[in-house]
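This report refers to the structure that appears directly beneath it.
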Amino acid sequence: MQPHRTIHVAASRSYDILIGRNILPQIGEALLPLLGNCRIAVLTDSNVDALYGNRLMELLQAAGYEACKYVIPAGEASKCAENLLAFLNFLAVEQITRSDAIIAFGGGVVGDLGGLSASLYLRGIKYVQVPTTLLAAVDSSVGGKTAIDIPAGKNLVGSFYQPVLVYCDTALMDTLPADIYRDGCAEVIKYGMILDKELYGTLKKVPFERESVVARCVEIKRDVVQQDEFDNGLRGLLNFGHTFGHAIEKLSNFAVSHGSAVAKGMLIAARMAPLCGLCDVAAELATMLAAYGFDLSCPYTADEIYGSLLSDKKRRGNKITIVLPKSVGDCVLVTVGVEELKELLHKTIG
Ligand code: GLY
């Protein structure tokens, strides 16, 4: 097997995350001890299918698996109830049974939809994440959060359901369009900002060395998930920039991509921090985000963002927990009343 790193996650279901360059050809070898002889339903999107769909199917067949494939249109709009039901129906028509498995082969949309389908179909079957975007590799494929979007908001329907394996071939990211790769960079910068000053320092060299940075981000996420799998505290740190980012994504009807929205959201949070008695790292963060090519303008007013974030799933009654930086590599969870947040947004965005 090609050299790779293995990161073990000890959660309600324990599993390995394999990270390496050009490891896809050995996927059969990695699956066999976990899945045995079973049928595999591959979920992928139109972009990934065009580039790598046949290759994965051939590799699975060469490893002795009978595999079928379901392709959804690429894009956030596909993370919807209609596609969830259609894929579940496909699994039934293909007679996928409890001893069979799903492979989610793609970015965050495919991973979230595939994971949710796996948690629901026959009350739960095994699934494997094979992330093909930087964002999925460092964030959505790890930690077992699955979801679809509904008209009222992003990720509002979902489950915690851990995969049996995450298999990350970093060479698959070579073909990513620059803007999609940049989306993942926002999440990478997030990890540095919330928990790892040293990682943040290495990101000043643009572009960063992909494999080691992916591995470090996954280690950070693993450490957080192991302490708070079901998102009752510490895991909230991973939402740095996301409360405001999700609001912006939703307001734009997803025309602003997740990574771009998170970049804007992180900057809003950094600008808000001094208003809450914390340090001002906004200029530092803005320089870093600009070096990766992010547009840092905020196209919405404070009232618009406030209205949009009221449906955020992190809201509990009239309180919402936001993540604010104390310094580079150190963020805190701050719970504020929604009215207070409205005022803070007005002071931050104007
Ligand atoms: N993406 C944030 C989390 O997995 O908790």
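Quick caveat: nothing in here was measured; it's all calculated off a predicted structure. Each ligand, and each atom within it, is numbered from 1 in the order the structure gives.
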Revision key, fill the gap. min-distance protein heavy atom vs atom 5 (O) of ligand 1 -> Arg235 NE, 2.7 Å
Study note, to complete from the structure: Residue, atom and distance of the protein heavy atom nearest atom 4 (O) of ligand 1 read Lys221 NZ, 2.6 Å
Point to revise | Residue portion contacting ligand 1 (non-hydrogen atoms closer than 4.0 Å) for Asp139 | key: side chain
Quick one: do [X] and [Y] make a salt bridge, cutoff under 4.0 Å?
X      : Y      : result
Glu187 : Lys190 : yes
Glu76  : Lys154 : yes
Arg216 : Glu198 : no
Asp16  : Arg5   : no
Lys250 : Asp149 : no

Check your understanding: When the aromatic ring centroids of Tyr161 and Tyr127 are compared, is their separation below 6.0 Å?
Key -> yes
Check your understanding: Any N or O of Asp231 that comes nearer than 3.5 Å to an N or O of ligand 1?
Key -> no
Practice item. Check whether any N or O atom of Lys145, backbone or side chain, sits under 3.5 Å from an N or O atom of ligand 1, and answer yes or no. Key: yes
Point to revise | Distance filter under 4.0 Å to Leu238 heavy atoms, resulting ligand 1 atoms | key: 2 (C), 3 (C), 5 (O)
Exercise for review: Please verify whether a non-hydrogen atom of His242 lies at under 4.0 Å from ligand 1.
Suggested key: no
